[in-house]
Amino acid sequence: MPKTPPVSRYYDVLRDEQGVRFISVNVSGLSLLQNPLLNKTTAFTAEERQELGLEGLIPPHVSTFEDQKTRTYMRYQRCGTDLEKHEYLRALQDRNEVLFYAVLEDHLEEMLPIIYTPTVGEAVKTYSSNYRYPRGFTVSAHDIGRVEEMLENVSVNDVRMIVATDSSAILGLGDQGFGGMAISIGKLSLYTAAGGVGPDKTLPVELDVGTNRQDLIDDPLYLGLHEKRMSGPEYDEFLDAFVEAVAYRYPKAIIQWEDFSRGTAFHVLERFRKVIPSFNDDIQGTGAMALAGLMRASRIKGEHLADQVFVVVGAGAAGIGVAMAIRQGLQLEGLTFEEANARVFVVDRYGLLMEGQPDLEVQQLSFVRRKSDLPGWQYAGEYPNLHEVIVNARATALLGFTGVPGLFKRADIETMLASTARPIVFPLSNPSSHVEAQPEDLIRWTDGGAIVASGSPFPDVQYGDQRYPIGQGNNAFIFPGLGFGAITARAREITDNMILAAALSLAEFTAQCSVRHGQDQVYPPISELRELSVHIAVRVVRQAILDGVCAERKVRNLTDEQLEATIRDRAWLPNYLPLRQSARLK
Ligand SMILES: NC(=O)c1ccc[n+]([C@@H]2O[C@H](COP(=O)([O-])OP(=O)(O)OC[C@H]3O[C@@H](n4cnc5c(N)ncnc54)[C@H](O)[C@@H]3O)[C@@H](O)[C@H]2O)c1
Ligand SMILES: O=C(O)C[C@H](O)C(=O)O
Ligand SMILES: [Mn+2]
């Protein structure tokens, strides 16, 4: 009897007497072909076909893996639109995960915008109308007493990484109801493709607490609960039940909270971060990503972080997370908390966050200014608006997390040129249609001076006789490595230091990348995502050990080199393993 339960209800991964890994399956025929974690479609060998009851169910020619990849990619290229490409890849993922990841890894740069931002935004919006095949776990407000029982229906037994959303603020698209499931799926695809987490160790989750979108509630084809969102103590109770059930069924799992609106994001993070290893991607992942990019941008200017004056626009989950990370980065350079705070200005829909403003939330309070904090400031209304903040603060770095397209105006950017020849401008809202400024405009308005990064991918900008690469400032540079590191350490908690270690690691990796490519970079190219994640994972494990939260004894005494080798060794790669009938089926 094996000590640990099988990886899945339908199969287990074992080693034979020669030490060769194989998958022992207890399903056959069509049931096997319909399991995307087992299916090899046309690549099943003659022996497998015979042993597993597949003869007659698939075409007679046995394809090589290479031929399968070629066929798949050719078919992909025939899709007319990006959403069709997304749907094609998602269907492939639901049919044959190994092939999906193999093709994705071969074409990561081309396909990332298809499975992730911006196209995933379209997939979210059309989730109900395009629904085809089940994936992940969904639990609704009506199931509160039954989460544990329902989780038993999930066939895999050793989930390590969960991405869960309540869909209240999906990208910059707002409340998307049940469609948010597409984001959980997309993020986890990156955990596998860029982080090396096995697909059978991941679980996308939609926490369906209802929607406040009347158009969805009125749409008979909408697949989520046709009810207003639950809130208050009821909402907490629902999440408590979810977390408790996860901890019971998957004691080694880490939860990434994704796209919770500002009203719940901080509350949920704090409520659970010591209960179950968990982090909020929009607050912490984005904070780490932005800090790394700002460190790099300052360095490119030949300056320090502490030489900049920061304006963060959008005081939601991402904006406040980033403002906090910047403050932390400034403190690392030796500034006191007060000095650091004085260099960060946070603007929301009413203007600069100021005392007496309506709807201020707890996490915003440390950024709130009093009139007396702003001596000599000139502004027309009750609170300084974005432009007035840029002028009065003499901003040198401007970051957008509002989801409001075109919010940064030419006059804002030109004003920054009075304080610096090289303004740092990061319009980081997703998807592309919600970006605060077009990178091309930013380059033009500053005559090539601006250092620009955007949240979704944008092409290089050609201006004059120069090409300006636009870095993609996306938390995808953080979460796969952070998650894999935390899994490897079996971290009991995701500490702030671990997040900071990920940020510093990203900045360091990008600096090395710039040297290798002979060009200043704010973020690495997507093609280096996998390598970056290894780099981050090593630092995260090291920090988990230092912070006393590393439960995995095997990694505690390793050198950095050994740790790196362990991480590389444990990373899942998209290769077929031989399938054999389990003794149970025989
Ligand atoms: N690049 C990345 O990696 C990354 C990561 C996380 C979030 N984001 C993007 O950031 C945006 C916000 O996400 P979030 O999760 O923080 O959402 P959120 O709903 O928590 O916050 C959005 C904030 O923007 C404010 N806002 C709206 N209109 C504004 C305006 N005209 N001026 C100033 N403030 C305004 C809102 O009041 C709110 O506080 C989204 O577009 C999201 O895609 C990007
Ligand atoms: O999903 C992304 O592309 C990044 C981020 O988490 C967001 O909400 O925009
Ligand atoms: Mn997000």
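This is a predicted model, so every value here is computed, not measured. Counting convention: from 1, in listed order, for ligands and their atoms alike.
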Heavy-atom distances under 4.0 Å are what count here, so tell me which part of [X] touches ligand 2: side chain, backbone, both or neither.
X      : result
Asp281 : side chain
Asp259 : side chain
Val120 : neither

What's the atom name of the N, O or S in [X] nearest to the Mn ion (ligand 3)?
X      : answer
Glu258 : OE2
Asp282 : OD1
Asp259 : OD1

TODO: Would you mind telling me if ligand 1 is within reach of the side chain of Thr286, the backbone, both or neither, using heavy atoms under 4.0 Å?
DONE: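 Side chain only.
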TODO: Take the angle between the ring planes of Tyr523 and Phe477 and call it parallel below 30°, perpendicular above 60°, tilted in between.
DONE: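 Parallel: the ring planes of Tyr523 and Phe477 meet at under 30°.
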- [ ] Going by heavy-atom distance to atom 7 (C) of ligand 2, choose the closest among Thr165, Ile183, Leu171, Leu173.
- [x] Leu171
TODO: Select the closest option to atom 40 (C) of ligand 1 among Leu171, Ile320, Val322, judged by heavy-atom distance.
DONE: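 Nearest heavy atom to atom 40 (C) of ligand 1 lies in Leu171.
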Using a strict cut-off of 4.0 Å, indicate which atoms of ligand 1 neighbour a heavy atom of [X].
X      : value
Met289 : 1 (N), 2 (C), 3 (O)
Asp282 : 6 (C), 7 (C)
Ala315 : 39 (O)
Gly455 : 1 (N)

Atom of [X], atom of [Y] and distance for their closest heavy-atom approach:
X      : Y      : value
Ser429 : Glu436 : OG-OE2, 2.6 Å
Val312 : Phe401 : CG1-CD1, 4.1 Å
Pro384 : Met354 : CD-SD, 3.4 Å
Gly455 : Gln472 : O-NE2, 3.1 Å
Gly180 : Ser167 : CA-OG, 3.1 Å

Open item on the list: Any nitrogen or oxygen of Lys187 lying under 3.5 Å from a nitrogen or oxygen in ligand 2? Just yes or no.
Closed with: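 Yes - when backbone and side-chain N and O of Lys187 are compared with those of ligand 2, one distance drops under 3.5 Å.
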Do [X] and [Y] come within less than 4.5 Å of each other through their side chains, counting heavy atoms only?
X      : Y      : answer
Met498 : Glu493 : no
Asp282 : Trp257 : no
Phe137 : Pro134 : no

Under 4.0 Å to a heavy atom of [X] - the qualifying atoms of ligand 2, by number:
X      : answer
Thr117 : 3 (O)
Asn430 : 2 (C), 3 (O), 4 (C), 5 (C), 7 (C), 9 (O)
Asp282 : 5 (C), 6 (O), 7 (C), 8 (O)

Task: Phe484 and Tyr191 aromatic centres sub-6.0 Å - done: no
Checking a contact table here: which protein heavy atom is nearest [atom], and how many Å away?
atom                    : result
atom 17 (O) of ligand 1 : Ala169 CB, 4.2 Å
atom 29 (C) of ligand 1 : Val404 CG2, 3.8 Å
atom 25 (C) of ligand 1 : Asp348 OD1, 3.2 Å
atom 20 (O) of ligand 1 : Ala317 N, 3.0 Å
atom 23 (C) of ligand 1 : Gly316 N, 3.7 Å
atom 1 (N) of ligand 1  : Gly473 O, 2.8 Å
atom 22 (C) of ligand 1 : Phe401 O, 3.8 Å
atom 7 (C) of ligand 1  : Ala318 CB, 3.5 Å

Open item on the list: If you count heavy atoms of other groups shown closer than 6.0 angstrom to CZ of Arg410, is the number above 12?
Closed with: yes
Open item on the list: A cation-pi test, strictly: NZ or CZ of Arg160 under 6.0 Å from the centre of the six-membered ring of Tyr250 and no more than 45 degrees from its axis. Yes or no?
Closed with: no
Task: Cation-pi check, Lys187 onto Tyr116 ring (under 6.0 Å, within 45° of axis) - done: no
Open item on the list: Check contact between His434 and ligand 1, using heavy atoms of the residue and a distance below 4.0 angstrom.
Closed with: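 Flag not set, His434 not near ligand 1.
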Open item on the list: Is there a side-chain contact (heavy atoms from CB on, under 4.5 Å) between Asp208 and Val139? Walk through the geometry before answering.
Closed with: CA-CA 6 Å; Asp208 188 358; Val139 54; over 6 Å; no
Task: Geometric N/O contact Gln364 with ligand 1, under 3.5 angstrom - done: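 No, since none of the N or O atoms of Gln364 sits under 3.5 Å from an N or O of ligand 1.
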TODO: Start with the C-alpha distance between Glu355 and Lys371, add both sets of side-chain angles, then the distance that settles salt bridge (Lys or Arg N to Asp or Glu O under 4.0 Å), and finish with yes or no.
DONE: CA-CA 8 Å; Glu355 217 171 50; Lys371 249 191 155 74; over 6 Å; no
